[in-house]
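Throughout, a chain's letter reflects where its sequence line sits, starting with A, and its residues are numbered from 1.
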Protein chains: 2
Amino acid sequence: MAAAPDLLFRTLADPTRRAIFERLCREGEQTVGALTMRSGVSQPAVSKHLGALKQAGLVRDRHEGRQTHYSARPGALNPLIDWTSQMAGFWQKRLDALDDLLKRMDQ
Amino acid sequence: MAAAPDLLFRTLADPTRRAIFERLCREGEQTVGALTMRSGVSQPAVSKHLGALKQAGLVRDRHEGRQTHYSARPGALNPLIDWTSQMAGFWQKRLDALDDLLKRMDQ
DNA sequence: TTAATTCATAACCGTTGAGTTATGGATGAG
DNA sequence: CTCATCCATAACTCAACGGTTATGAATTAA
């Protein structure tokens, strides 16, 4: 089994964490403090979520003085896109096979 | 926040469950017994996973005698595709805005 | 230097969830 | 009818995880 989709799915499964990632995608780079503001959870919780996102390769961090700026890395979503395409592909393949069979029976 | 991606991410986050879904995509309809065979877990565990997949709309079941056949419903992956596209879209949008800004500064 | 701010880590707690065994209902076989 | 098979549900256990408060390291301000 592919390891990349696994970590991505696990990381994005949590709503709070996914919301943080979404904000970074929508609005670009943010400090931990800014993210904590409207996250609904405490600052340590946000830091832990950011750590998880970073480990999954979904965000990068940039230190500037005593602030840490986080930004999304959308390229990290590629394994997810690949996985879904593959699943859809399998489906289509089997549909085509069925189509072939029906056509052959039709003759 | 959209509720559809949430359930999908949560449901697909578990490796065992995702493996079952993958098998159904690859090989088409399967009985619970057949799925249990190579799943590595007990039959009740498989039944629970199938229940979760069904509740997420990822599979459908068809009763035939004392067997239950499950099959994947790849259309259920659409919200996931939409979500990833949206995230990538936000990213692209901000890139474009930056591009515009640079072009205007260039004059 | 002292005080305040920003973030990360540690330690802990409660909940969630994936796994198990046990069991029962429904269907098919003999 | 009786027995075996297939699946789902119940009840339980245990680990993982998301949240909290407490604390400390690093940086900026006074």
Q. Distance check: side-chain N/O of B/Y70 vs OP1/OP2 of D/dC6, anything under 4.0 Å?
A. no
Q) Between A/T68 (side chain) and A/E64 (backbone), is there a donor-acceptor pair under 3.5 Å? A) no
Q | Nucleotide C/dG28, atom C1' - distance to CD of B/E64 in whole Å | A | 12 Å
Q. To the side chain of B/R66, which of C/dA18, C/dA29, D/dT20 is closest?
A. C/dA29
Q.
For a quick check of understanding: with a heavy-atom distance under 4.0 Å over all strands, which category does A/Q67 fall into, base, sugar-phosphate or nothing?
A. sugar-phosphate
Q: Rounded to the nearest angstrom, tell me the gap between atom NE2 in B/H63 and atom C1' in C/dG25.
A: 13 Å
Q) Nearest to the side chain of A/P44, which nucleotide is it out of C/dG19, C/dA10, D/dG18? A) C/dA10
Q: Side chain of A/Q43 only, please: which of C/dC7, D/dA8, D/dT21 is the nearest?
A: C/dC7
**Q.** Distance, rounded to the nearest Å, where A/D61 contributes CG and C/dT6 contributes C1'
**A.** 14 Å
Q | Protein-nucleotide distance (A/K48, atom NZ; C/dT9, atom C1'), rounded to Å | A | 10 Å
**Q.** Candidate nucleotides C/dT20, D/dT20, C/dC7, ranked by approach to the side chain of A/T31 - the nearest
**A.** C/dC7
Q | Value in whole Å for how far the P atom of D/dG18 lies from CG of B/D6 | A | 13 Å
Q: Give a yes/no answer on whether the side chain of B/H49 brings an N or O atom under 4.0 Å of OP1 or OP2 in C/dG19.
A: yes
Q. So, does A/R60 use its side chain to make a donor-acceptor pair with the main chain of A/Y70 at under 3.5 Å?
A. no
Q) What is the distance, rounded to the nearest whole Å, between atom NE2 of A/H69 and atom P of D/dT27? A) 14 Å
**Q.** Nearest-angstrom distance from the residue atom CG of B/L50 to P of D/dA8
**A.** 7 Å
(Q) By nearest atom, which of the nucleotides C/dA8, C/dT20, D/dG18 is closest to the A/R17 side chain? (A) D/dG18
Q: Quick one: label A/S42 by what it contacts on the DNA or RNA (base, sugar-phosphate, nothing), any heavy atom closer than 4.0 Å.
A: base
Q | Beyond-backbone contact of B/V41 with B/T36, side-chain heavy atoms, under 4.5 angstrom | A | no
**Q.** A/T11 backbone acceptor or donor facing A/R17 side chain under 3.5 Å
**A.** yes
(Q) In this structure, how many angstroms lie between the P atom of D/dA15 and the CG atom of B/D14, rounded? (A) 17 Å
Q.
Is it the case that over 12 heavy atoms from other parts of the model lie below 6.0 angstrom from the CD atom of B/Q55?
A. no
Q | Listed nucleotide nearest any side-chain atom of B/S47, set D/dC7, C/dA11, C/dA18 | A | D/dC7
Q: Ignoring backbone atoms, establish whether A/T16 has a side-chain N or O less than 4.0 Å from OP1 or OP2 of D/dG19.
A: yes
(Q) Quick check for you: among C/dG17, D/dT21, C/dA18, whose closest atom lies nearest to any side-chain atom of B/R10? (A) C/dG17
